[in-house]
2 protein chains.
Amino acid sequence: MGATKSDHFTQKQNDIATIAKAFAHPARVAILEYLLKVDACICGDIVNELPLAQPTVSQHLKELKNAGIISGNIEGNAICYCIDEKVWEKNRKIFETLFERINKKKTCC
Amino acid sequence: MGATKSDHFTQKQNDIATIAKAFAHPARVAILEYLLKVDACICGDIVNELPLAQPTVSQHLKELKNAGIISGNIEGNAICYCIDEKVWEKNRKIFETLFERINKKKTCC
DNA sequence: AATGTTTATCGTAATATTGCAATATTAAAA
DNA sequence: TTTTAATATTGCAATATTACGATAAACATT
């Protein structure tokens, strides 16, 4: 096969997996770090920052957009991408909650 | 192609992507949530908990193990898996740092 | 209107991931 | 030692992801 059986898992589990998938490629991490760094919406110079061809970057941007993490505004003939702070905060909480669910009293291993 | 050009990105970016990839499948999230919940190292009943065949679960366990997130101890003829708290804590910090790097002063979008 | 710039989409190739049946391995139990 | 139970590995099919050249679409500029 190869198709994930997402219908057999909880909504929450699928949500976490989907967000994680958006972060699961160094190019997308690089895009997000760039957007975090420049502290302003930056357009197509993301392409110049990355060691990838323009269509590839466009594809990664699309995935981040589909995940809701970034949004794009038309600005002249360029497009201005930036992080959606609301979604970013939501995702931060989801991961924080997951990571904090650990129980410190070891029983074995 | 299809092969990630990981050599063109920073170590940190690749690290984040690798950790995220481990969380990027609902089955693996389900395994981790189960291990978090039972608060003890649980062995092969992970297979019974998941809607997947034994070899598939074994494969997901292997990926989590390769990512360093869990470790397996032989316990009789069963194997006891549990979360590596040190790695868990390290990963928690990595994501916390990433998520907190956001700058609240919006400039556009 | 013609041209240039920027970004998206299409088509396609290479590779990776997911899933499972069959089988191997390992160690306990009989 | 044979059997049984638990887990891993192999082999393979289906699907997804990554990457990019070619091209299209959108818009500004000339």
Side-chain angles (χ1 to χ4, degrees), chain A residues 1-9 13-14 17-32 34-35 41-67 70-82 109, chain B residues 1-9 13-14 16-31 34-35 41-67 70-82 109:
Chain A
M1 304 230 176
T4 290
K5 289 181 144 189
S6 44
D7 40 323
H8 292 145
F9 298 96
Q13 286 162 350
N14 281 308
T18 300
I19 304 164
K21 203 177 254 181
F23 285 88
H25 193 288
R28 292 194 289 273
V29 175
I31 290 171
L32 292 174
Y34 185 67
L35 289 177
C41 313
I42 284 300
C43 331
D45 35 30
I46 296 171
V47 173
N48 298 321
E49 276 288 311
L50 295 198
L52 295 170
Q54 180 268 321
T56 309
V57 174
S58 187
Q59 200 172 286
H60 284 302
L61 286 168
K62 194 182 178 183
E63 281 173 66
L64 289 171
K65 209 165 48 178
N66 287 342
I70 64 173
S71 61
N73 277 40
I74 297 167
E75 195 136 315
N77 64 340
I79 291 187
C80 163
Y81 278 108
C82 58
C109 291
Chain B
M1 304 228 175
T4 290
K5 290 182 141 187
S6 46
D7 41 321
H8 292 145
F9 298 97
Q13 285 162 352
N14 281 307
I16 291 172
T18 299
I19 304 164
K21 203 177 254 181
F23 285 89
H25 193 289
R28 292 194 289 274
V29 174
I31 290 171
Y34 184 67
L35 289 176
C41 313
I42 285 299
C43 330
D45 35 28
I46 297 171
V47 173
N48 298 322
E49 275 288 312
L50 296 197
L52 295 169
Q54 180 267 322
T56 309
V57 174
S58 188
Q59 198 173 288
H60 283 303
L61 286 167
K62 194 181 179 185
E63 281 173 66
L64 289 171
K65 208 165 50 178
N66 287 343
I70 65 173
S71 62
N73 277 39
I74 297 167
E75 197 135 314
N77 63 342
I79 291 187
C80 164
Y81 279 108
C82 58
C109 289

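Quick note on labels: first sequence line is chain A, next is B, and so on, each numbered from 1.
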Q. Can you tell me how far the CD1 atom of B/I31 sits from the CD1 atom of B/I70, to the nearest 0.5 Å?
A. 6.5 Å
Q | Side chain B/Q59 and base D/dA8 donor-acceptor under 3.5 Å | A | no
Q | D/dT17 OP1/OP2 closer than 4.0 Å to side-chain N/O of A/H60 | A | no
Q. Using a cut-off of less than 4.0 Å, is there contact between a side-chain N or O of A/Y81 and OP1 or OP2 of C/dA8?
A. yes
Q | Rounded interatomic separation in angstrom, taking CD from B/E75 and P from C/dA28 | A | 11 Å
Q: Give a yes/no on whether any side-chain N or O of B/T56 is located under 4.0 angstrom from OP1 or OP2 of C/dC20.
A: yes
Q) A/P55 or A/R28: which one's nearest nucleotide on DNA chain D is closer to the 5' end? A) A/R28
Q.
How many whole angstroms separate atom CD1 of B/I79 from atom P of C/dT25?
A. 15 Å
**Q.** Closest-nucleotide 5' rank along DNA chain C - winner of A/N77 and B/A53
**A.** A/N77
(Q) To check you understand the geometry: which heavy-atom pair defines the closest contact between A/L50 and A/A30, and what is its length? (A) CD2-CB, 3.7 Å
(Q) Over 60° means perpendicular and under 30° means parallel, so tell me whether B/H25 and B/H60 are parallel, tilted or perpendicular. (A) tilted
Q) To the nearest Å, how far apart are A/I46 CD1 and C/dT7 C1'? A) 11 Å
Q. Judged by atom type as modelled, is there a donor-acceptor pair below 3.5 Å linking the side chain of B/R28 to the main-chain atoms of A/A17?
A. no
**Q.** Spacing between A/L52 atom CG and D/dT18 atom C1', to the nearest angstrom
**A.** 9 Å
**Q.** Heavy-atom check, side chain of A/V29 versus side chain of B/F9, under 4.5 Å
**A.** no
Q. Rounding to a whole Å, what distance do you find between A/H25:NE2 and C/dA16:P?
A. 11 Å
**Q.** Atom-pair distance (CG on A/N73; P on D/dA26), nearest Å
**A.** 18 Å
(Q) Just the rounded figure in Å: distance from P of D/dA8 to CD1 of B/I74. (A) 9 Å
Q) Atom CG of B/N66 and atom C1' of C/dT17: how far apart are they, to the nearest Å? A) 14 Å
Q) Is the shortest side-chain N/O distance from A/K21 to OP1 or OP2 of D/dA16 below 4.0 Å? A) no
